[in-house]
2 protein chains.
Amino acid sequence: MSTKKKPQVTPTPERRRELLATAAEVFAAQGYNATTVRRIADEAGMLAGSLYYHFDSKESMLDEILSTFLDELWQGYDEVLAAGLGPRETIEALVTESFREIDRHRPAVAIYQKESKHLATQPRFAYLADSQAKFEKAWLGTLERGVTEGVFRDDLDIRLTYRFVRDTVWVAASWYRPGGHHSPEEIARQYLSMVLDGIALRT
Amino acid sequence: MSTKKKPQVTPTPERRRELLATAAEVFAAQGYNATTVRRIADEAGMLAGSLYYHFDSKESMLDEILSTFLDELWQGYDEVLAAGLGPRETIEALVTESFREIDRHRPAVAIYQKESKHLATQPRFAYLADSQAKFEKAWLGTLERGVTEGVFRDDLDIRLTYRFVRDTVWVAASWYRPGGHHSPEEIARQYLSMVLDGIALRT
DNA sequence: GCCGTTCCCTAACAAGTGTTTGGTAGGTTA
DNA sequence: TAACCTACCAAACACTTGTTAGGGAACGGC
């Protein structure tokens, strides 16, 4: 029990990520507005004012949480979209990638689900609206391509189908818990099976 | 006993419903915690303090909005469940009824989606947890019955299927706008078609 | 006429909010 | 040793929040 050497207890960027992680956890659980900075500080084992050594506002924490999540999301999406797959394979890859992102950024996804709608109106969070537009273009475009190529049904309202697929995937963040007995890939597989083939038994 | 008078410009219960409707609209748009009672009063054309003539707290408004919605929901659900339909027909009826409720109580449903999770822990809103348990019992039970009777697939995780169906239906409240060119029944029909048969073209 | 009720306003309150300022323990560097 | 930097604390600030108390205008019933 000698003096353990901890010259720099936690290097700056590391500590930053830790604090953002706990903040995201609280935001996701209580909602952004319902969360006080005192609560976040408490969870992090420090006082409210101390947070302002690392961040310059509560809003900037939210900003950093959401933007880093979206950056990583689009990194994965762009890779899929650039692969030149067929419509069905693209949808499968996008869904799988989405569940991986939920697995990695569950709190951020939950926050995004709850708050993005009314945040997107603020200038600071305009990138949320941009991302959503890009998102719709990618998914809706793939679905339309699938219809014209004859791999998806053409008797459905395509925008309804888009919202259906989009929502079924992303609401999963509200109940998903990492470390459960379903891997993201397994959940994606079953979800794709339901979305593509339905839950009714084929006769 | 006699002399029932209704000379007022707006009879009390009517005004109450009006205020609750505008409150629900604001709650749904901004989130409960982000909504100030001054904002609600503003939207209703009066001052903040005046709301307290009709309601005794902001929380009681939320309470009344959610409980009246759930009452109406279960009135419809119980009717369906008592009809003694087969599993597939029960699911179809529940989905259709759900979209009708979204049509009638869009703001309440949106609020429920966003807030119920952390509200259910408070004693005052314990009925939310009760309702959710009853809800799961009805839907999950119907799905299980469908599997044993051979109308639904048996190669899927049944709880995953439950959450899939449940979420696909209720998140629709986040984008649904009454008066659009799709009636609740039409949306229900297409959703059921997707959930039951899938979006892939059968070959 | 007066009375009572309904419904809202004015003006304030106390508690809680995000944020700032100045300070300081403890390690690193010169 | 002294100067310096990091990461936090202590205490306050200005502001917003939900809520309350008293008052008053409009109106129907008597």
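Residue numbers begin at 1 in each chain, while the letters A, B, ... track the order of the sequences.
For the pair His54(B) and dC8(C), the criterion of a side-chain N or O lying under 4.0 Å from OP1 or OP2 is met. Within the 4.0 Å cut-off from OP1 or OP2 of dC8(C), at least one side-chain nitrogen or oxygen of Arg15(B) is found.
Residue Leu47(A) contributes atom CG, which lies 6 Å from atom C1' of dC9(D) at whole-angstrom precision. Arg39(B) has its CZ atom 17 Å from the C1' atom of dG18(D), to the nearest Å. Rounded to a whole Å, the CD atom of Glu14(A) is 12 Å from the P atom of dA7(D). Regarding Arg16(A), its CZ atom lies at a distance of 13 Å from the P atom of dC8(D), rounded to whole Å.
Qualifying salt bridge (charged side-chain N to carboxylate O under 4.0 Å, His left out) partners for Asp197(B), counting only residues two or more places apart in sequence or in other chains: Arg202(B). The side chain to side chain donor-acceptor pair (under 3.5 Å) search around Thr161(A) returns none, not counting sequence neighbours. Listed by chain and number, the residues in a side chain to side chain donor-acceptor pair (under 3.5 Å) with Arg145(B) amount to none (sequence neighbours excluded).
When each of dC7(C), dT6(D), dC9(D) is scored by its nearest atom to the side-chain atoms of Tyr53(B), the top-ranked nucleotide is dC7(C).
A salt bridge does not link Glu64(B) to Arg17(B): none of the charged nitrogens lies less than 4.0 Å from a carboxylate oxygen.
For residues 111-133 of chain A, the set of pairs meeting the ring-ring contact (aromatic ring centres under 6.0 Å, His included) definition, not counting sequence neighbours, is empty.
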Pairwise N/O distances under 3.5 Å, protein to nucleotides 16-23 of chain C:
unit_1  : atom_1 : unit_2   : atom_2 : d
dG18(C) : OP1    : Thr35(A) : O      : 3.2
dG18(C) : OP1    : Lys58(A) : NZ     : 3.0
dG18(C) : OP2    : Val37(A) : N      : 3.0
dG18(C) : N7     : Arg38(A) : NH1    : 3.0
dG18(C) : O6     : Arg38(A) : NH2    : 3.1
dT19(C) : OP2    : Tyr52(A) : OH     : 2.4
dT19(C) : OP2    : Lys58(A) : N      : 2.7
dT19(C) : O5'    : Tyr52(A) : OH     : 3.2

Can you give each donor-acceptor pair under 3.5 Å made by side-chain atoms of residues 186-194 of chain B, sequence neighbours left out, with the distance rounded to 0.1 Å?
unit_1    : atom_1 : unit_2    : atom_2 : d
Glu186(B) : OE1    : Arg189(B) : NE     : 3.3
Glu186(B) : OE2    : Arg189(B) : NH2    : 3.3
Glu186(B) : OE2    : Gln190(B) : NE2    : 3.1
Gln190(B) : OE1    : Asp157(A) : N      : 2.9
Ser193(B) : OG     : Arg153(A) : NH1    : 3.1
Ser193(B) : OG     : Arg153(A) : NH2    : 2.6

